[in-house]
Amino acid sequence: MSTPEVTGMTGTKPSSRVQVRQNRDFMADPLSLLARRLSPAFAAVAGGEVDPVVRPSEHADAQVNGALALAKKLGKQPREVVAQVLDIAGDMSDMCTDLQVAGPGFVNVVFAEKFLAEQVHVAMASEALGVAAAPVKRKYVVDYSAPNVAKEMHVGHLRSTIIGDALVRMLTFVGHIVVRENHIGDWGTPFGMLIEHLVDLGEADAAHELGVGDLDGFYKEARRKFEADDVFKERARARVVALQGGDPDTLRLWKTLVNESTKYFNHVYGLLDVLLTDDDLAGESKYNTLLPQVVDRLAKLGMLVESDGAEVVFPAGFTNREGDPLPLIIRKGDGGYNYATTDLACVIDRVENIGAEASLYVVGAPQAQHLQMIESVSRTAGWLSDDADMVHVAFGSVLGADRKMLKSRSGDAVKLASLLEEAVDRANRAITEKNPEMADDQRAQVAKMIGIGAVKYSDLSSDRVKDYVFDWDRMLSFEGNTAPYLQYAHARICSIFRRAGVERESVRHVVPTLDAPQERSLALRLLQFDAAVWDAIDKYSPHRLCTYLYDLASDFTSFYEHCPVLRAESDSMRNSRLFLCDSTARVMNAGLAVLGIRSPEMM
RNA sequence: GCCCCUGUAGCUCAGUUGGAUAGAGCAACGGACUUCUAAUCCGUUUGUCGCAGGUUCGAUUCCUGCCGGGGGCGCCA
């Protein structure tokens, strides 16, 4: 079977979600278990495989809607179909206490407490907390972050880096093999002026300037001289030629720029707490030697066309302003290559050298057409086979309070490093206010987790394709769908165990009792972690997991208010509740972890 | 001009591929702390789902056409 995919960039419809679910070995999700249980009965009535359409319900734990569509198909009354299905299904009392037919033919399902208790016990005994492993392990390449050498990282890189990191962690969590690729911009004509500026400053001073993170100052000064000074401009041009010609001294200077910049990137990645390392660097320069091969191979396939002095490919279905075919430029009129060629070389490298079965491009939404063209050419050329996925994980812009693109006071892009420092600083102030007793060194640690977590979560928690408004007060609030609220739930649980003097592990053998409605809701929620993770993966949409974790935190705090743990009426009730606490903390911790967010034990 | 994304409560956002009376948070109002961390909880109030058609038992969801916002459309990446 092929792994689920979002709509491919060529617009091919993905296999239906229902098939995906049936083929996947869900371990915990009660809705899936119910669907699987009812499936034979539906098949018997329908005379073939049919989706029972089990959905969450406001009126019960779940509702089964499959009879409505089936009734129409069979020309029967929905309620008659329901009766037949339930008759064939037989005794379901081990799973649900109540099966009520409602409205035109919905079946409301209330799960048996014993069933939920057993299920949550089993799910929480597993390393993955009930989350099913990928039935087929695939090799994914995830392309994200991609800052430019000698240029400041800004909010655009923030989204790509955060979303990419979360996807990498989610895919890894379910057992896929994930290759991270950070396509830093380390090649091209700007490097002529950058190297000459480096020479002017002296290598040591320039390295220092870049090393302390004044990348924008460096870049702007280089550009200013390039535009104002004809002699400098000529030097820059000559330097580009020397760079492309492989002049050793030029390459050494170039390498200095790259090294100092990557040091700085690593500093930012450290602040951001993401997985990227130097091993993941796949700069544009890496693909240089492959570029002539791209041209050759396209030429041999007869795809290459000469147009206005450039060598181009016309992928089918793309037109320009005038309605004429739109080219993908492979080699420019001056003989140079551009990023389309690099992207194609990259596709070849992934398929033929890395063995990638799926490529994710965590790139801003404006690149949609470019990536569609890359995919189209790659498929036509036969580099991407039909079962190889190429997905544009697109995202929108970060907006300021004025609903315009987020800018600093001076009108420049906001420096990512200073933004992250401000986040930690604000978190630190909040903790100081709310929990003054906390020791300084501990507060510093926790402030990082909360500040960075808040920035990440606010980025991840809404639909990535939409723009989102950056708002310090909202993201650092402890109310509503925010990282601190989720982290607080986790910290409170840790506090309970500290106070109880009980080891977390010691309650993991417990089968809970779920008498109180809050206990029951919490257990049911814990079982849905499985579905939530997979839902997020299926759509490459981390916000789906965020919504789940928020619901989990809400259910927990409600439980916390209504169900005393340490002062429980009996030891068995206390143990049962300790089990629910521990389970909640583990799911919260794991869920936040796959989003790239830490769970403090105290805050 | 063509193409892509987007439009849901005063604000910020969900809405599980077509299901029941569209949900959260913030804001507003009313309650609950000698606490297992009140950084919280409980309750009340909030809608022409941009507009108009169509498809059908049923549409925020699918189709068509408009309107508003953002973006893209040949040698920058």
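Numbered from 1 within each chain, the chains take letters A, B, ... in sequence-line order.
- Partner assigned to B:G1 is B:C73, using Watson-Crick or G-U wobble distances below 3.5 angstrom.
- For B:C36, one of the phosphate oxygens OP1 or OP2 lies less than 4.0 angstrom from a side-chain nitrogen or oxygen of A:Arg567.
- Using C1' as the reference atom, B:C41 and B:C36 are 14 Å apart when rounded to the nearest Å.
- For the pair A:Lys466 and B:G70, the criterion of a side-chain N or O lying under 4.0 Å from OP1 or OP2 is not met.
- Which of B:U56, B:C36, B:G74 sits closest to the side chain of A:Lys72 comes down to B:U56.
- Summarising the geometry, atom CZ belonging to A:Phe265 is positioned 7.0 Å from atom CG belonging to A:Asn148; distances are rounded to the nearest 0.5 Å.
- B:G43 and B:A24 have their C1' atoms separated by 16 Å, given to the nearest Å.
- For A:Gln367, whose side chain is taken as the heavy atoms from C-beta onward, the closest listed nucleotide among B:G74, B:A77, B:U12 is B:A77.
- The partner of B:G19, taking Watson-Crick or G-U wobble pairs whose two distances both stay under 3.5 Å, is B:C57.
- If you check the side chains of A:Ser461 and A:Tyr468, you find no donor sitting under 3.5 Å from an acceptor.
- At B:C3, none of the side-chain N or O atoms of A:Thr319 fall inside 4.0 Å of OP1 or OP2 (strictly under the cut-off).
- Under the 90° criterion around 0 for the glycosidic angle, B:U12 counts as anti.
- In this structure, CD on A:Gln445 lies 11.0 Å from CE on A:Met438, to the nearest 0.5 angstrom.
- In this structure, the nucleotide among B:G23, B:G1, B:U6 sitting nearest to the side chain of A:Arg321 is B:G1.
- Position along RNA chain B of the nearest nucleotide to A:Gly333 versus A:Leu566 favours A:Leu566 as the more 5'-ward residue.
- Pair assignment for B:G68 gives B:U6, based on Watson-Crick or G-U wobble hydrogen-bonding distances that are each under 3.5 Å.
- Among the nucleotides B:G15, B:U17, B:A39, the one closest to any side-chain atom of A:Lys539 is B:U17.
- Counting distance only, with no hydrogens placed and no angle test, the side-chain atoms of A:Ser307 and the base atoms of B:G74 include a donor-acceptor pair under 3.5 Å.
- Here the separation of B:G1 from B:A20, taken at their C1' atoms, is 45 Å to the nearest Å.
- Per the geometry, NE2 belonging to A:His370 stands 13 Å off C1' belonging to B:C75, to the nearest Å.
- Taking the side chain of A:Ser558 as heavy atoms from C-beta on, and the options B:G19, B:G74, B:C41, the nearest nucleotide is B:C41.
- Atom SG of residue A:Cys546 and atom CG of residue A:Leu460 lie 5.0 Å apart, to the nearest 0.5 angstrom.
- Comparing the P positions of B:A9 and B:A14 gives a spacing of 12 Å, expressed to the nearest Å.
- When the C1' atom is used for both B:G19 and B:U40, the distance is 35 Å, rounded to whole Å.
- One interatomic measurement links the two molecules: CG of A:Asn108 to P of B:U21, which rounds to 13 Å at whole-angstrom precision.
- Here the side chain of A:His543 pairs no donor or acceptor atom with the backbone of A:Arg464 at under 3.5 angstrom.
- Distances shorter than 4.0 Å separate some side-chain N or O of A:Thr557 from OP1 or OP2 on B:C41.
- Taking the C1' atoms as reference points, B:A22 lies 35 Å from B:C2, given to the whole Å.
- Distances shown here put a side-chain N or O of A:Arg499 below 4.0 Å from the OP1 or OP2 atom of B:U37.
- Remark: P of B:C13 and CD of A:Glu479 are 18 Å apart, rounded to the nearest angstrom.
- Residue A:Ala310 places its side chain closer to B:C75 than to any other of B:G72, B:U12, B:C75.
- Between the side-chain ring of A:Phe106 and the base of B:A20, a stacking contact exists by the 5.5 Å and 30° definition.
- Judged by closest nucleotide on RNA chain B, A:Gln63 is the one of A:Gln63 and A:Gly480 placed further toward the 5' end.
- Rounded to the nearest Å, the gap between the P atom of B:C62 and that of B:C5 is 11 Å.
- Whole-Å rounding puts the A:Phe556 CZ to B:U40 P distance at 14 Å.
- Put simply, A:Tyr485 has a side-chain N or O that comes within less than 4.0 Å of OP1 or OP2 on B:C41.
- Here the C1' atom of nucleotide B:G70 and the CD atom of A:Gln369 are 16 Å apart, to the nearest Å.
- The CG atom of A:Asn589 sits 4.5 Å away from the NE2 atom of A:His490 when rounded to the nearest 0.5 Å.
- Rounded to an integer number of Å, the gap from OH of A:Tyr468 to C1' of B:C5 is 18 Å.
- The nucleotide whose nearest atom lies closest to any side-chain atom of A:Val565 is, among B:U40, B:C5, B:C36, B:C36.
- Between A:Tyr339 and A:His370, a ring centre-to-centre spacing shorter than 6.0 Å is recorded.
- Within the structure, every side-chain polar atom (N or O) of A:His59 is placed at least 4.0 Å from both OP1 and OP2 of B:U21.
- One interatomic measurement links the two molecules: CZ of A:Arg544 to P of B:A14, which rounds to 10 Å at whole-angstrom precision.
- Taking the six-membered ring for Trp, A:Tyr287 and A:His183 have ring centres closer than 6.0 Å.
- By the 5.5 angstrom centroid cut-off and the 30-degree plane limit, A:Tyr560 is classified as stacked against the base of B:C36.
- Of all nucleotides present, only B:G31 satisfies the Watson-Crick or G-U wobble test against B:C41, with each distance under 3.5 Å.
- Straight-line distance from the CG atom of A:Asn338 to the P atom of B:C76: 8 Å, rounded to whole Å.
- In this structure, A:Phe556 has its ring center closer than 6.0 angstrom to the ring center of A:Phe559.
- Which of B:C36, B:G74, B:A77 sits closest to the side chain of A:Glu284 comes down to B:A77.
- Rounded to the nearest Å, the gap between the P atom of B:A39 and that of B:C33 is 15 Å.
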